[in-house]
Amino acid sequence: AGVGYYIYRDITQKPTYDVGSDVSSQEPEDTSILSSEEIEKQMPDLDKEIVVKADLPANTKSETIIDIQDIIQKLKEDYDNMQLWLQLGLLRKLLGDYDGAIEAWQFVNLIRPNNFVSFGNLGDIYSLYLSDKKKAEENYLKALENGPDQIYLYEKVYEFYRYTIKDNAKVKEILKKGIDLNPNNSQYLQNLLNNF
């Protein structure tokens, strides 16, 4: 199934860009240099308890748990499905299980190290939910390295540098980089820079 830029948004919290544009079309061909046996050893425990920390309506909670159980069953059959791991992270995040979300997205980093979506999601969770500026920046910058044509990523990093880090030099630097790398698709970034 095709996936839009915002496949899923939290009901109760600030949305993130989460799953990214048509994951199946942007999914890199190459995988980690690790063998399948080594990857399987590092795979998160799919049988661990589903943790609910967020205060959600009962129907949302039960539907999310059912969705997680369905995804877990599919991942047990095919652990190499990037889209399912991304969705698992989103659903765990919705339940307030940030550790579980991070674990799922870090596994995507392992099996698809050239993707930008999981790194961007990690940037968001570290920045917006866990206040870990160092890890947020590392993941945002890796997302940009992997997806230099993703304009919305530059906007995310711009917001991070402007409102969280409060570093004007980095704000200008990231906007200029986005403009330079995307000369035909950067009017929005140019407007941000002009109005900064």
Side-chain angles (χ1 to χ4, degrees), residues 1-3 5-10 13 16-54 61 64-148 150 153 156-157 160:
V3 180
Y5 256 98
Y6 298 86
I7 188 171
Y8 193 82
R9 291 181 180 265
D10 283 352
Q13 301 190 30
T16 61
Y17 50 88
D18 296 322
V19 171
S21 64
D22 191 7
V23 171
S24 59
S25 67
Q26 75 88 34
E27 186 175 333
E29 296 268 335
D30 61 318
T31 56
S32 171
I33 58 171
L34 298 176
S35 69
S36 58
E37 293 81 17
E38 292 170 317
I39 289 173
E40 287 181 35
K41 285 180 187 174
Q42 296 186 49
M43 185 170 68
D45 178 9
L46 292 172
D47 291 320
K48 77 176 190 175
E49 180 184 358
I50 296 173
V51 177
V52 180
K53 295 182 178 178
K61 189 187 306 182
T64 304
I65 290 171
I66 290 169
D67 288 344
I68 287 175
Q69 290 169 336
D70 181 52
I71 288 172
I72 286 172
Q73 198 56 45
K74 291 175 181 173
L75 285 172
K76 285 181 177 180
E77 296 167 12
D78 176 17
Y79 77 84
D80 196 38
N81 189 315
M82 174 180 167
Q83 183 176 336
L84 290 177
W85 284 108
L86 290 170
Q87 291 173 333
L88 179 62
L90 295 176
L91 294 172
R92 290 196 186 278
K93 177 172 161 266
L94 175 63
L95 294 180
D97 179 10
Y98 300 143
D99 291 336
I102 288 168
E103 189 177 61
W105 292 331
Q106 285 179 336
F107 189 68
V108 174
N109 295 353
L110 180 70
I111 62 173
R112 297 294 187 281
N114 294 328
N115 94 93
F116 59 83
V117 180
S118 59
F119 288 100
N121 288 350
L122 286 165
D124 275 352
I125 205 166
Y126 284 123
S127 173
L128 303 174
Y129 300 93
L130 300 176
S131 299
D132 189 329
K133 296 175 186 176
K134 183 175 186 290
K135 287 184 179 177
E137 183 175 28
E138 287 171 1
N139 282 283
Y140 277 142
L141 293 179
K142 183 63 176 175
L144 276 177
E145 178 185 325
N146 289 350
Q150 301 298 311
L153 285 174
K156 283 288 184 182
V157 180
F160 173 71

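Note: hydrogens, waters and symmetry copies are ignored here, and every other heavy atom, side chains too, is used.
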Distance-minimising heavy-atom pair for [X] and [Y]:
X	Y	answer
A143	F116	O-CB, 3.3 Å
L95	V51	CB-O, 3.6 Å
A101	G89	CB-O, 3.2 Å
K93	Y98	O-CE2, 3.8 Å
P113	F119	O-CE1, 3.6 Å
G123	A136	O-CB, 3.6 Å

If I take atom [atom1] from residue [X] and atom [atom2] from residue [Y], how far apart are they, to the nearest 0.5 angstrom?
X	Y	atom1	atom2	answer
L46	Y79	CG	OH	12.0 Å
D97	I50	CG	CD1	9.5 Å
I66	L91	CD1	CG	12.0 Å
I68	L90	CD1	CG	10.0 Å
K156	L144	NZ	CG	12.5 Å
Q83	L88	CD	CG	12.5 Å

Problem set entry | Donor-acceptor side-chain pairing of Y140 and D124 below 3.5 angstrom |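 On atom types as modelled, these side chains qualify, holding a pair under 3.5 Å.
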For this session: Could you walk me through whether K76 and D47 pass the side chain to side chain contact (heavy atoms under 4.5 Å, CB included) test, one step at a time?
Result: CA-CA 10 Å; K76 285 181 177 180; D47 291 320; 2.4 Å; yes
Problem set entry | Working for side chain to side chain contact (heavy atoms under 4.5 Å, CB included), residues L84 and I72 | CA-CA 8 Å; L84 290 177; I72 286 172; over 6 Å; no
Exercise. With no hydrogens and no angle check, is any side-chain donor or acceptor of R112 less than 3.5 Å from a backbone partner on N81?
Worked result: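 Flag not set: sc R112 to bb N81 has no pair under 3.5 Å.
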Exercise. Would you say the side-chain atoms of W85 pair up with the backbone N or O of L75, donor to acceptor, closer than 3.5 Å?
Worked result: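 No, the answer is negative, given that no donor and acceptor are paired below the 3.5 Å cut-off.
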Exercise. K135 and L122: side chain to side chain contact (heavy atoms under 4.5 Å, CB included), yes or no, with the steps?
Worked result: CA-CA 8 Å; K135 287 184 179 177; L122 286 165; over 6 Å; no
Exercise. Given side chains that start at C-beta, do those of N115 and V108 come closer than 4.5 Å, heavy atoms only?
Worked result: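 In contact.
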Exercise. Can you find a heavy atom in the side chain of N139 that is under 4.5 Å from one in the side chain of N109?
Worked result: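 They are in contact (side-chain heavy atoms under 4.5 Å apart), so the answer is yes.
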Problem set entry | Derivation of the side chain to side chain contact (heavy atoms under 4.5 Å, CB included) call for T64 and V52 | CA-CA 10 Å; T64 304; V52 180; over 6 Å; no
Problem set entry | N-O pairing of K74 and D78 below 4.0 Å |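 Salt bridge absent between K74 and D78.
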Exercise. Salt-bridged, K134 to E138, with N to O below 4.0 Å?
Worked result: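 Salt bridge: yes.
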